[in-house]
Amino acid sequence: MKKETQANSMDTNEENINNYQFAQDDPSNLMNTIFSNITEGIIIFDSKGKIVDVNPSICITLNRTKEDLIGQTLESLVPKEKQFKIEKQWEILSYKKHVKGHLPIINGESIIDFDFTTSTLVDHQLYVSILRDVTEKLLLEKKVKKNAELYEGLFLEALDAIVFWDNETRVVNANEAACKLFECSLDELINKKLNDFVYKKNAPYYSFIKTLKDTGSVRDETLFLMPNGQKKYVEFTSKLYAVDGYHMSIFRNVSERYQMEQDLRESESRFRSIFEGALEGFVLWNDHFEIVDINPAGEKMINVPKAHIVGRSLKNILSDCEYPQTELHEQIRLLETDGKSSGTINVTLNSGENKHFEFSTKYNVISNLSLTVFKDITEKLELEERLHKSDTLNVIGELAAGIAHEIRNPMTALKGFIQLLEDSVTDKNAMYFDVITTELNRIDSIINEFLILAKPQAIKFVEQDIRVILTETVNLLNAQAMLHNIVFKLDYSDDIPPLFCEPNQLKKVFINIIKNAIEVMDKGGTITVTATTTSDSRIHISIRDEGFGIPEEKIKKLGQPFYTTKDRGTGLGLMVTYRIIEEHKGLIEVESEVGVGTVFHIYLPESN
Ligand code: ADP
Ligand code: MG
């Protein structure tokens with residue numbers, strides 16, 4: 001139908017154009033000035049849609065010349081998919097004088113959006129379209145819409161509570177999250193004063209109010225009291241005149257975090273006080289086995305200042321202590337499977353002291369830190385060993401009392417009969433007779449030693465000068481010593497008080513020790529015997545030999561029943577010795593160096 005209209009008006013086309021040009025040539029024509037200067041684009045076209053004139057503005061907008069545009073059809077300016085708009089325009093123009101709408105026009109590679117108004121110039125059978133470039137306006141509109149959506153989204157949906165308030169801190173608007181935080185409905189919240197929610201208006205409160213006034217914004221946290229009586233620790237950011245002259249605050253409930261922090265601080269301080277105050281050593285180390293902290297008790301136990309140990313690798317320290325690798329691997333395996341492990345370690349401190357530590361470790365007690373607790377058990381071990389020794393001594397003692405008497409009686413008979421047989425010994429069996437006699441003597445000496453272990457029959461404590469006992473013992477053994485090319489050197493201090501003791505028993509002690517000394521000095525030498533007093537009122541007796549010494553690990557075996565390294569030894573001498581010294585409430589210490597010699601130190605309290 002539109003096409004027909006076009007076809008009908010075709011005949012008059014030429015004439016119309018001429019008429020129109022005539023009008024334009026008139027310099028006084030106001031329309032002409034407008035046409036040339038108006039910022040809106042103007043396209044004049046005929047009933048076939050062919051462009052007959054354009055104004056400079058549209059040329060500039062489309063970046064085309066007037067000549068280029070004149071003669072083109074309207075359709076050619078519009079992208080294919082939008083051409084229906086032109087058809088729609090024709091349709092409306094067929095019954096209306098004006099059409100308004102929106103039209104995209106091709107501009108090289110891009111499209112420019114225009115709002116247009118097309119009017120029919122009836123007299124000329126022409127049409128004029130006035131076009132306004134609305135690309136930017138559209139973009140702006142889109143942006144505004146987007147911002148509005150964004151704002152809606154942010155404000156309404158935000159998880160954080162957002163509140164707008166006026167100069168009196170009265171709430172003018174709030175989102176859902178805010179209602180939730182303040183534990184009331186929006187209606188209840190509106191017109192309430194934000195200030196009234198602050199739990200305590202103390203120094204920090206005045207400080208953040210001041211910051212807000214001075215700088216226009218503030219970020220802080222404080223305790224709020226909600227209308228339902230609930231207290232919440234709230235973090236907030238406030239900004240003055242944020243939107244439409246209103247002030248804005250964004251709140252976040254951090255009560256849980258605050259509580260957690262509080263709990264953490266408390267448990268941290270509890271841990272600290274245990275850590276600092278514990279009597280046991282505490283070492284904290286990280287997952288690289290690096291020591292992070294050690295408590296004062298720990299420092300003291302290993303006698304190394306904290307500064308020297310923090311940062312060091314636990315593995316290095318253990319390997320320095322010759323802690324067995326296999327043991328270390330086992331410990332690590334246990335930590336990884338059970339989360340804990342324990343054991344003991346032998347450590348030689350910088351001072352040369354040898355210490356035993358018992359330790360237990362908990363893996364990852366706090367954020368990648370593991371805790372090892374250790375304690376010095378050196379003394380405990382020594383005590384246990386002594387206890388063990390004296391326990392065995394007691395048992396042996398009781399046994400000895402029984403057995404020794406039982407054996408002694410048949411022994412006396414045997415010895416008597418052997419003596420009777422002595423006269424009838426022939427050369428042929430003299431050798432056997434000698435063996436029998438020496439072996440019988442040996443049995444006899446073992447029994448004698450056993451008997452000393454038995455509960456003392458007639459032990460009588462008297463006051464005696466230890467130097468006298470020592471000298472008497474030395475005299476007793478002098479002959480034997482000389483046989484082995486050994487001389488005695490005695491060195492007593494003058495100020496030794498008399499000792500309350502059992503002299504015969506002590507003699508037995510010194511005999512045992514000196515006999516052992518003689519037995520280890522095949523090449524002869526000197527046995528030095530000293531007696532002094534110590535600063536803590538004890539009498540110190542030392543017996544030093546130049547024998548082959550005792551290896552470190554064997555020292556603790558001394559005094560164990562039947563421990564002997566000699567072919568014909570009984571391993572009872574030192575046991576008896578320890579027993580007697582113990583009865584005197586004294587102490588024996590052995591100091592030895594292999595190849596150099598051994599010193600037996602005996603400490604006896606001056607008064608029992
Ligand atoms: P026995 O002398 O019968 O062997 P003891 O109880 O007297 O038994 O001594 C036990 C062991 O202690 C000895 O066999 C020896 O190995 C060791 N011993 C004791 N005294 C010394 C010493 N002065 N030097 C080296 N070793 C010693
Ligand atoms: Mg001996």
Side-chain angles (χ1 to χ4, degrees), residues 385-386 388-397 399-400 403-404 438-454 470 473-474 476-481 483-491 504-530 540-583 586-603:
E385 204 157 297
R386 253 184 257 161
H388 175 73
K389 245 179 216 174
S390 74
D391 254 10
T392 0
L393 285 178
N394 278 332
V395 175
I396 297 274
L399 271 176
I403 295 171
T438 46
E439 288 305 309
L440 274 179
N441 283 339
R442 196 166 120 72
I443 294 171
D444 206 32
S445 74
I446 292 175
I447 288 170
N448 278 335
E449 277 172 351
F450 258 125
L451 270 179
I452 294 174
L453 289 172
L470 279 170
T473 314
V474 167
L476 211 67
L477 293 168
N478 227 343
Q480 202 189 337
L483 268 178
H484 291 85
N485 264 331
I486 292 164
V487 290
F488 285 101
K489 192 177 149 207
L490 306 180
D491 191 1
N504 282 326
Q505 296 261 49
L506 284 189
K507 234 181 241 174
K508 185 79 192 166
V509 165
F510 301 137
I511 288 172
N512 278 337
I513 295 175
I514 294 170
K515 256 169 82 184
N516 282 344
I518 293 171
E519 280 161 9
V520 293
M521 287 168 63
D522 337 338
K523 301 192 186 79
T526 311
I527 293 174
T528 313
V529 180
T530 70
H540 173 203
I541 300 126
S542 79
I543 297 163
R544 176 189 301 271
D545 68 48
E546 295 171 351
F548 39 72
I550 311 164
E552 162 103 39
E553 69 276 10
K554 297 276 166 61
I555 289 184
K556 53 176 170 288
K557 296 203 160 169
L558 299 181
Q560 278 181 8
F562 309 113
Y563 170 70
T564 177
T565 55
K566 298 166 193 167
D567 290 343
R568 303 186 67 83
T570 61
L572 290 171
L574 284 183
M575 184 177 77
V576 171
T577 303
Y578 276 91
R579 168 73 180 233
I580 295 169
I581 294 302
E582 196 179 301
E583 268 164 11
L587 185 76
I588 299 185
E589 270 175 12
V590 183
E591 181 192 335
S592 187
E593 197 176 331
V594 174
V596 177
T598 305
V599 193
F600 277 79
H601 297 278
I602 298 160
Y603 297 92

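When a ligand or atom number is given, it counts from 1 through the structure's own listing order.
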Which segment of V520 sits under 4.0 Å of ligand 1 when only heavy atoms are counted
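Only the side chain of V520 comes within reach of ligand 1.
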
Residue part near ligand 1, for I513, under 4.0 Å between non-hydrogen atoms:
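The answer is neither.
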
In terms of residue, atom name and distance, what is the protein heavy atom nearest to [atom]?
| atom | answer |
| --- | --- |
| atom 2 (O) of ligand 1 | K566 NZ, 2.7 Å |
| atom 15 (C) of ligand 1 | T565 OG1, 3.4 Å |
| atom 11 (C) of ligand 1 | Y563 O, 3.8 Å |
| atom 4 (O) of ligand 1 | T564 OG1, 2.5 Å |

N/O separation below 3.5 Å, L574 to ligand 1
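Such a contact does occur with ligand 1.
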
Check whether any side-chain heavy atom of [X] sits under 4.5 Å from a side-chain heavy atom of [Y], and report yes or no.
| X | Y | value |
| --- | --- | --- |
| F548 | V594 | no |
| N504 | K508 | no |
| T577 | F600 | no |
| I602 | I581 | yes |
| Y578 | L558 | yes |

Test applied, side-chain contact (heavy atoms from CB on, under 4.5 Å); reference residue, V599; option that passes from E593, E589, R544
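Answer after filtering E593, E589, R544: R544.
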
When you measure from atom 27 (C) of ligand 1 to each heavy atom in D545, I550, I527, N516, which option holds the nearest one?
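Of the listed residues, I550 has the closest heavy atom.
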
Option nearest atom 1 (P) of ligand 1 (shortest heavy-atom distance, choices G571, G597, G573):
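Answer by nearest heavy atom: G571.
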
At less than 2.8 Å, would any N/O/S atom of N512, backbone or side chain, sit next to the Mg ion (ligand 2)?
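It does not: N512 brings no N, O or S atom closer than 2.8 Å to the Mg ion (ligand 2).
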
I'd like to know if the side chain of D545 and the backbone of T598 have a donor-acceptor N/O pair within less than 3.5 Å.
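Yes.
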
I'd like to check which ligand 1 atoms, numbered from 1 as shown, lie under 4.0 Å from a non-hydrogen atom of [X].
| X | value |
| --- | --- |
| T570 | 3 (O) |
| T598 | 24 (N) |
| L558 | 12 (O), 17 (C) |

Once you measure the plane-to-plane angle for H540 and H601, does it fall in the parallel (<30°), tilted (30-60°) or perpendicular (>60°) bin?
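H540 vs H601 ring planes: tilted.
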
So, R579 and E583, do they make that salt bridge, N to O below 4.0 Å?
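Yes.
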
